[in-house]
Amino acid sequence: MKRLILSAIFLLTATFAFPQKKEADVIIKSAAIIDVKTGKVISGKAVAIKDGLIINVFNETLINGYNSKQILDAKGKYLIPGLWDMHMHFGGGDSLINENKNLLPLFLAYGITTVRDAAADISPSVLEWRDEIAAGKLSGPTIFTSGPKLEGYKSVWKGDIEVGNAKEIGLALDSLQKLRVDFVKITDNTLKPDLFLEAIRQARQRGYRVSAHIPSALTMEQIADAGLSSVEHLGYALKAGSKVEKEISAEVASGTLKGKAFNQKVMDTFDEAAALSTYRNMAKHGMYVTPTLSLNYILTYFEKDNHKNDSYLQYIGKGLQKTYEGRVKRVEQDDAEAITFRHQLFEKTVTTLPLLQKAGVKILAGTDAGYLNSYVYPGIGLHKELELLVKYGLTPLQALQASVINSPDFLGKKEYGSITAGKKADVLLLDENPLTNISATQKIFTVIKAGKVFDRKALDNMLSLLNRN
Ligand SMILES: [Zn+2]
């Protein structure tokens, strides 16, 4: 009995004299923490991670207050939130499901901890992976997906839900709701402009964010008024910046303007003041733009680099590589005049990027990687996209914001976007400061996904298992 009392007293004393240590799975110490919102680099803090969440960012001198299973010494390293690729596609048909599944570790190995799948033809698998990854049963980036996208009858794309009237739009949205999709994607291969606007309105009424390819017969103002959340691809911003946008839209609607003549007129009538005014209206409506510069850049300058000997191809399945052929064949047919024209069009289009940013339109970093889009690679592609965003007018900080802040913001996911308590423990440690040189995002020391640590050796092991040769 006496012994029992003594030990009880001891326990009490211990509890009061030495405050109980807090538990953590991982503590990162000595890293320079980048606040991607402000661009400030913070030192002297440690980051505690538990159960997949950042539970505290605290003064490093208090590190003894923690019992941690693992302590990462990150002296000289830079800590940022994990990267998001906001426009990619899992797809290419059922025979490529496994090759697509192999992209999951590839994204992680390159520090892409979240992807937004912008629709294709293997949605049942994508939805399954999304749920398995969220439940911790499958390793890969967090997936947000549109599921099948909306189109008109007999569209060129496979896997779409085809709609021809307002009622069918409602039914299509019912089916997407059953799939618990994360946003709605609409394209306009055969979908008529009035139904396109109707689809946006109905999807927004149900609370979805909507991203789209937009019909050239509509003005950006009409599209903003309908409530579109994000414009996919930068080319649309060029037309929206024409001082005769309405006239061009009407000519497209009547079928009198198309193809090269359309592009020429858009370039010739682009006007910075008109563009800024339209972009400010987009910003006022809370619209985002995903430029996806990578594919256009690769195809525009294909005569300089045909990418056929890229070493990264070792990670891309043969079936997926085969889907690259269509776009390659098209650009290979271009004669000297066509090559000059595509250079002009691209260089004109990218001038809209800093104007959009200036007008307050939020930019999303997305690649269009996956299938079809030749040599735009899942994983490294996002880093290349960040480089292009900087090359064409964003600061490194703005480019990082486009990936790690604007992306979760677009989807309303408050549990991402910074290295602070309560956020998901999806983080990267880099060897160099990406604010000085955006290419530093490629110098990955460690990836932490949902609290799980992949050091350089583990990442290299993942990559060696993915080697398709
Ligand atoms: Zn796409």
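Whatever order the structure lists ligands and atoms in, that order sets their numbers, starting from 1.
- Screening Arg204, His285, Arg209 against Ser229 for a side chain to side chain donor-acceptor pair (under 3.5 Å) leaves a single residue, Arg204.
- Near the Zn ion (ligand 1), less than 2.8 Å away, sit the protein N, O or S atoms His87 NE2, His89 NE2, Asp368 OD1.
- Residues meeting the side-chain contact (heavy atoms from CB on, under 4.5 Å) test with Asp271, sequence neighbours left out: Lys243, Ala273, Ala274.
- Aromatic ring orientation, Tyr377 versus Tyr312: tilted (interplanar angle from 30° to 60°).
- Residues satisfying the side-chain contact (heavy atoms from CB on, under 4.5 Å) test with Ser155, not counting sequence neighbours, are Glu151, Trp157, Asp160, Glu162, Asn189, Thr190.
- Every side-chain contact (heavy atoms from CB on, under 4.5 Å) that Thr292 has, sequence neighbours left out, goes to His87, His233, Thr290, Asp368.
- Defined by atom type and a distance below 3.5 Å, a donor-acceptor pair is present between the side-chain atoms of Asp409 and Tyr288.
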